[in-house]
Student: 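This is the structure I want to talk about, given as structure tokens.
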Amino acid sequence: MTAHIFTIDVEDWFHISDLDNTPLVGTWHEYESRVERNLRDLLDLLDSHGVKATCFFLGWVGEKFPGLVRETAARGHEVASHGYAHELVYEITPEVFRADIRRAKQILEGCFAGTVQGYRAPGFSITPQTPWAWDILAEEGYRYDSSLFASSRSFGGDPDAYPKPHVRPSGKSEGGSSGVVAMPLRPARAFGKSLIFSGGGYLRLLPTSAITFLADKLAQPDAPIIYYIHPREIDVEQPRLPMPFGRKFRSYVNLSSTRGKIAALCRRYEFERMIDWVEANETRLPTLSGRMHASA
């Protein structure tokens, strides 16, 4: 039976990467925050269908709204890390990356009585340019990562990435275990191109029937369908950052349709948290080798 995993990147409306005018972390406090209301609305929707999600929190959000992290965990959803400062991994040094993911983990774990085991990089920015990231994740106590975007995108992504869950070889972690479980987002071949239909602009752009058709087509027992969304994607009235037309279209198209699509997916599929899938399957996963490639 194919698993379906619903994930939320918990960040605010102004946390949009790779723009000339992307707000700097030192200015974030100057912007109206809408993340509390939007995340609670999303969790209410999921809870009404009995769906538990994995929530990748920015450490900055946890620092500002620790009660939101506690509430998320108390509702039965998984709290995972999205880093602290929403920096693209391939634009920072290994030392900055280590400090960022360590800070986020410490902040989030200080908000609730649990352990943060998962990580997702902003912009899916663990790429072939950042092979050192896997060792650092293991050394900092992360059990799995969901940063591989096995397709092309405007920034981040790796079309040659192995698209199914696997163990990344790495050095020994401080806890004595080696390797981090990689949970990639898998592309479907449609409309003459490879696309990640289960999140972002494609999830908002495509009709629900197309999303479920592609999910059913891609379904395999050894590779869950991972959906991802941001709290701002249900917020029709959010402020807009200035950006080029193409990027604006991808960022804001069909915001009014998102809630209905999520409800339809919740009615159609059974979902589980990412950590639960990892715990149930990690001993059966292959270890990445030179023979493994995107077409596998």
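Starting from 1, each residue takes its place in the sequence as its number.
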Student: Would you say the side chains of Thr127 and Asp158 form a donor-acceptor pair under 3.5 Å?
Tutor: no
Student: If you measure from CG on Leu185 to CZ on Phe149, what distance do you get to the nearest 0.5 Å?
Tutor: 6.5 Å
Student: Given side chains that start at C-beta, do those of Lys261 and Thr258 come closer than 4.5 Å, heavy atoms only?
Tutor: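 No. Closest side-chain heavy atoms not under 4.5 Å.
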Student: Taking the side chain as every heavy atom from C-beta outward, state whether Leu137 and Arg143 have any atom pair closer than 4.5 Å.
Tutor: no
Student: Rounded to the nearest 0.5 Å, what separation is found between the CD atom of Glu78 and the CD1 atom of Ile8?
Tutor: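 Between Glu78 CD and Ile8 CD1, I get 11.5 Å after rounding to 0.5 Å.
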Student: Counting N and O atoms only, with roles assigned by atom type, does the side chain of Ser251 sit under 3.5 Å from a partner on the main chain of Arg247, one being a donor and the other an acceptor?
Tutor: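 Yes, the answer is positive, given that a donor and an acceptor are paired below the 3.5 Å cut-off.
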Student: Closer than 4.0 angstrom, basic N to acidic O: yes or no for Arg259 and Asp235?
Tutor: no
Student: Does Pro23 offer a backbone N or O that forms a donor-acceptor pair with the side chain of Trp28 under 3.5 Å?
Tutor: yes
Student: Compare every heavy atom of Pro165 with every heavy atom of Pro286, then report the nearest pair and how far apart it is.
Tutor: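 Minimum heavy-atom separation between Pro286 and Pro165: CD-O, 3.9 Å.
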Student: Within the 4.5 Å heavy-atom criterion, are Tyr119 and Ser147 side-chain neighbours or not?
Tutor: yes
Student: Could you grab the distance from atom CG of Leu214 to atom CD1 of Ile225, nearest 0.5 Å is fine?
Tutor: 9.5 Å
Student: Any carboxylate oxygen within less than 4.0 angstrom of a Lys/Arg side-chain nitrogen, looking at Glu32 and Arg34?
Tutor: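 The answer is yes: the pair qualifies as a salt bridge.
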Student: Can you check whether Thr7 reaches Cys55 side chain to side chain, under 4.5 Å on heavy atoms?
Tutor: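 No, side chains not in contact.
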Student: Considering only heavy atoms from C-beta outward, does the side chain of Tyr142 approach that of Gln117 to under 4.5 Å?
Tutor: no
Student: I would like to know whether Glu11 and His82 meet side-chain hydrogen bond (donor to acceptor under 3.5 Å, both in side chains); could you show each step before the answer?
Tutor: CA-CA 9 Å; Glu11 56 190 63; His82 199 35; 2.9 Å; yes
Student: Please name the pair of heavy atoms, one in Val89 and one in Ser125, separated by the smallest distance, quoted to 0.1 Å.
Tutor: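 Of all heavy-atom pairs spanning Val89 and Ser125, the closest is N-OG, 2.8 Å.
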Student: Rounded at 0.5 Å granularity, tell me how far NE2 in His166 sits from CG in Leu288.
Tutor: 4.5 Å
Student: Does a side-chain heavy-atom distance below 4.5 Å link Val79 with Glu109?
Tutor: no
Student: Apply side-chain contact (heavy atoms from CB on, under 4.5 Å) to residues His15 and Trp60 and explain how you reach the verdict.
Tutor: CA-CA 11 Å; His15 292 135; Trp60 183 86; 3.8 Å; yes
Student: Should Leu148 and Arg168 be marked as a side-chain contact (heavy atoms from CB on, under 4.5 Å) after you check the CA-CA gap, both sets of side-chain angles, and the distance that decides it?
Tutor: CA-CA 11 Å; Leu148 286 181; Arg168 301 289 301 204; 4.0 Å; yes
Student: Can you name the one residue among Glu140, Glu87, Glu63 that meets salt bridge (Lys or Arg N to Asp or Glu O under 4.0 Å) with Arg103?
Tutor: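 Checked Glu140, Glu87, Glu63 against Arg103; only one passes salt bridge (Lys or Arg N to Asp or Glu O under 4.0 Å): Glu63.
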Student: Taking the basic N atoms (NZ, or NE/NH1/NH2) and the acidic carboxylate oxygens, is any pair closer than 4.0 Å for Asp145 and Arg120?
Tutor: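 Arg120 and Asp145: not salt-bridged.
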Student: Does CZ in Phe213 sit with more than 12 non-hydrogen atoms of other residues, nucleotides or ligands closer than 6.0 Å?
Tutor: no
Student: Would you check if the distance from the ring center of Tyr227 to the ring center of Phe271 is below 6.0 Å?
Tutor: yes
Student: Quick one, Asp135 and Val180 - any side-chain contact, counting heavy atoms below 4.5 Å?
Tutor: no
Student: Could I get the full list of side chain to side chain donor-acceptor pair (under 3.5 Å) partners for Asp216, not counting sequence neighbours?
Tutor: Arg268, Tyr269
Student: For Phe197 and Tyr202, I'd like to know if the aromatic rings sit close, meaning centre-to-centre distance below 6.0 Å.
Tutor: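 No, the ring of Phe197 stays outside the 6.0 Å limit from the ring of Tyr202, centre to centre.
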Student: Of all heavy-atom pairs between Arg273 and Asp276, which one has the smallest distance, and what is that distance?
Tutor: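 Nearest pair, atom of Arg273 first, then Asp276: NE-OD2, 2.9 Å.
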Student: Strictly below 4.0 Å, N to O, side chains only: are Arg232 and Asp12 in salt-bridge contact?
Tutor: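 Salt bridge: no.
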Student: Is there a side-chain contact (heavy atoms from CB on, under 4.5 Å) between Val167 and Glu282 once you walk through the steps?
Tutor: CA-CA 8 Å; Val167 178; Glu282 64 182 328; 5.7 Å; no
Student: Just to verify, which of Phe6, Phe56, Phe124 counts as forming a ring-ring contact (aromatic ring centres under 6.0 Å, His included) with Tyr228?
Tutor: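 Considering Phe6, Phe56, Phe124, a ring-ring contact (aromatic ring centres under 6.0 Å, His included) with Tyr228 is found only for Phe124.
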Student: Mind checking whether Val25 and Tyr31 sit in one hydrophobic cluster, side chains of I, L, V, M, F, W, Y counted as touching below 4.5 Å?
Tutor: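 Yes, Val25 and Tyr31 fall within the same hydrophobic cluster.
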Student: Check the pair Glu139 / Arg98 against side-chain contact (heavy atoms from CB on, under 4.5 Å), numbers first and verdict last.
Tutor: CA-CA 9 Å; Glu139 290 162 4; Arg98 184 187 297 275; 2.7 Å; yes
Student: For Leu58 and Leu108, which heavy atoms make the closest approach, and how far apart are they?
Tutor: O-CD2, 4.3 Å
Student: Whether Asp47 and Lys52 form a salt bridge (side-chain N of Lys/Arg under 4.0 Å from carboxylate O of Asp/Glu) is what I want to check.
Tutor: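 Between Asp47 and Lys52 there is a salt bridge, with a charged N closer than 4.0 Å to a carboxylate O.
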Student: Taking Pro187's backbone N and O only, do any of them form a donor-acceptor pair with Ser151's side chain (distance below 3.5 Å, no angle check)?
Tutor: no
Student: Using a distance-only test with no angle check, is there a side-chain donor-acceptor pair under 3.5 angstrom linking Arg204 and Ser257?
Tutor: no
Student: Quick one about His86 and Ser17 (side-chain donor to acceptor, distance below 3.5 Å, no hydrogens or angles considered), yes or no?
Tutor: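 Indeed, the side chains of Ser17 and His86 share at least one donor-acceptor pair under 3.5 Å.
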Student: Please confirm whether the backbone N or O of Val96 pairs with a side-chain atom of Thr93, one donor and one acceptor, at under 3.5 Å?
Tutor: yes
Student: Give, for atom CG of Leu68 and atom CZ of Arg40, the distance between the pair rounded to the nearest 0.5 Å.
Tutor: 5.5 Å
Student: Using every non-hydrogen atom in the two residues, find where Pro163 and Arg186 come nearest and quote the distance to one decimal.
Tutor: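 In terms of heavy atoms, the two residues are closest at O-CG, 2.6 Å.
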Student: Using atom types as modelled and distance alone, determine if a side-chain donor or acceptor of Thr54 lies under 3.5 Å from a backbone N or O of Met274.
Tutor: yes
Student: Would you say the side-chain atoms of Lys164 pair up with the backbone N or O of Asp222, donor to acceptor, closer than 3.5 Å?
Tutor: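 The answer is no, because no donor-acceptor pair under 3.5 Å joins these two groups.
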Student: Tell me, do Tyr252 and Met243 make a side-chain contact under 4.5 Å, heavy atoms counted?
Tutor: yes
Student: Closest approach of Ser198 and Leu203, non-hydrogen atoms and distance?
Tutor: O-CD1, 3.4 Å
Student: Measuring centre to centre across the rings, with the benzene-like ring taken for any Trp, is Phe112 within less than 6.0 Å of Phe57?
Tutor: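 No; Phe57 has its ring centre 6.0 Å or more from that of Phe112.
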Student: Considering the options Ile234, Thr72, Asp44, Val61, which one meets the side-chain contact (heavy atoms from CB on, under 4.5 Å) requirement together with Leu39?
Tutor: Thr72
Student: Does Trp13 have its ring centroid less than 6.0 Å away from the ring centroid of His230?
Tutor: no
Student: Can you get from Leu241 to Phe249 by hopping between Ile, Leu, Val, Met, Phe, Trp and Tyr side chains that sit under 4.5 Å apart?
Tutor: no
Student: What is the distance from atom CD1 of Ile211 to atom CD1 of Ile262, rounded to the nearest 0.5 Å?
Tutor: 10.0 Å
Student: Would you say Ile16 ends up clustered with Val253 if hydrophobic residues are merged whenever their side chains have heavy atoms under 4.5 Å apart, either directly or through other cluster members?
Tutor: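 No; tracing contacts between hydrophobic side chains, which count when under 4.5 Å, never links both residues.
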